[in-house]
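Computed from a prediction, not measured in an experiment: that's the story for all the values here. Each residue takes its place number in the sequence, starting with 1. For the numbers below, each heavy atom of this structure counts, side chains included, while hydrogens, waters and symmetry mates do not.
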Amino acid sequence: MAEPGGGRAVTVSDVQQLVRRKDEIEAQIKACYELLEGQKGVGMHEPLVDAEGFPRADIDLYQVRTARHNIICLQNDHKALMKQVEEALHKLHAREKEKHAKDEAEALAEAMSQNQSLPQAFAKVNAVTPGSPASVSGLQVDDEIVEFGSVNVNNFQNLQNIATVVQHSEGRPLSVTVIRGGRRVHVGLTPKRWAGKGLLGCNIIPLQR
């Protein structure tokens, strides 16, 4: 694993590895303290000589000195490692933040390019009756109509244009293109008699541009 601050980006597994090393060092420090405890409770600072200045005979001096030295070294390692963990977490967080901002910018750019390339709508669906031909075809409230059979923004004058197309297409599928949620959606709509009024079962209003 490259150390944080190295050439490659820090990953979650890098942080997990650092935390595992930290846990190992803490376990080693604990073991050294337990060894000192086993030597008549000698800690890090108790004298290793008796009142007359001779090495204490009731403890294993070599073991005590080794344990004390190891604790000092391990504590330094632990301190350095904690700094690495902190730096790695900071970098990871910064990268996540950067990635989130990049994703948002890309989504915005995509939405803007979608809007630029979307054709102009001339009418809007403001009601759809459940079970009607319009509902069955998948037409939805707030769909903005771009093409309704042969009617488009260039030849649309009023709703009578749509009514004429509907009357002439009874029982035959009509190609309808709408803008829904910023995207172009194609719907196959067949005007026909049903339980309700008209041949569609939806209400369409002109868009004021």
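A distance of 5.0 Å separates CD of Gln39 from CD of Gln63, quoted to the nearest 0.5 Å. Rounded to the nearest 0.5 angstrom, Glu46 CD and Lys40 NZ are separated by 14.0 Å. We find the NE2-CG distance between His69 and Leu74 to be 9.0 Å, quoted to the nearest 0.5 Å. With rounding to the nearest 0.5 Å, the separation of CD1 in Ile179 from CG in Leu207 is 9.0 Å. The distance from the CG atom of Leu189 to the CZ atom of Phe148 is 5.0 Å, given to the nearest 0.5 Å. A distance of 4.5 Å separates CD1 in Ile205 from CG in Asn126, rounded to the nearest 0.5 Å.
One finds no salt bridge joining Lys124 and Asp143 here, because no Lys/Arg side-chain nitrogen approaches an Asp/Glu carboxylate oxygen to under 4.0 Å.
Listed for the Arg21 side chain is no donor-acceptor partner under 3.5 Å among the backbone atoms of Gln16. One N or O on the side chain of Arg68 and one on the backbone of Gly43 form a donor-acceptor pair closer than 3.5 Å. Judged by distance alone, with hydrogens and angles left aside, the side-chain atoms of Thr11 form a donor-acceptor pair with the main-chain N or O of Asp14 at under 3.5 Å. The backbone N or O of Ala121 lies less than 3.5 Å from no partner atom in the side chain of Asn152, so there is not a single donor-acceptor pair.
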Residues Gln140, Val125; criterion side-chain contact (heavy atoms from CB on, under 4.5 Å); working and verdict: CA-CA 7 Å; Gln140 295 179 12; Val125 179; over 6 Å; no
Glu34/Lys30 under salt bridge (Lys or Arg N to Asp or Glu O under 4.0 Å): CA gap, chis, key distance, verdict: CA-CA 6 Å; Glu34 284 172 356; Lys30 184 169 177 279; 3.0 Å; yes
Full working for salt bridge (Lys or Arg N to Asp or Glu O under 4.0 Å) between Lys91 and Glu87: CA-CA 6 Å; Lys91 285 181 184 178; Glu87 281 175 9; 5.3 Å; no
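Listed by chain and number, the residues in a side chain to side chain donor-acceptor pair (under 3.5 Å) with Lys192 amount to none (sequence neighbours excluded). Taking Glu106 as the reference, nothing meets the side chain to side chain donor-acceptor pair (under 3.5 Å) condition, with sequence neighbours excluded.
Side-chain contact between Ile25 and Leu81: present, with at least one pair of heavy atoms (C-beta onward) separated by less than 4.5 Å. Here the side chains of Ser132 and Leu200 are not in contact, with every heavy-atom distance at 4.5 Å or above. You'll find the side chain of His90 stays beyond 4.5 Å of the side chain of Glu86, heavy atoms only.
Under the 4.5 Å side-chain heavy-atom criterion for ILVMFWY residues, a single connected hydrophobic cluster contains both Leu36 and Ile59. Both Phe156 and Leu139 belong to a common hydrophobic cluster when Ile, Leu, Val, Met, Phe, Trp and Tyr are linked at side-chain heavy-atom distances under 4.5 angstrom. Cluster annotation: Leu174 and Val136 are assigned to distinct hydrophobic clusters (Ile/Leu/Val/Met/Phe/Trp/Tyr, side-chain heavy-atom contacts under 4.5 Å, transitive).
Sorted by first and then second residue, the salt bridge (charged side-chain N to carboxylate O under 4.0 Å, His left out) pairs involving residues 163-179 (not counting sequence neighbours) are Glu170-Arg193.
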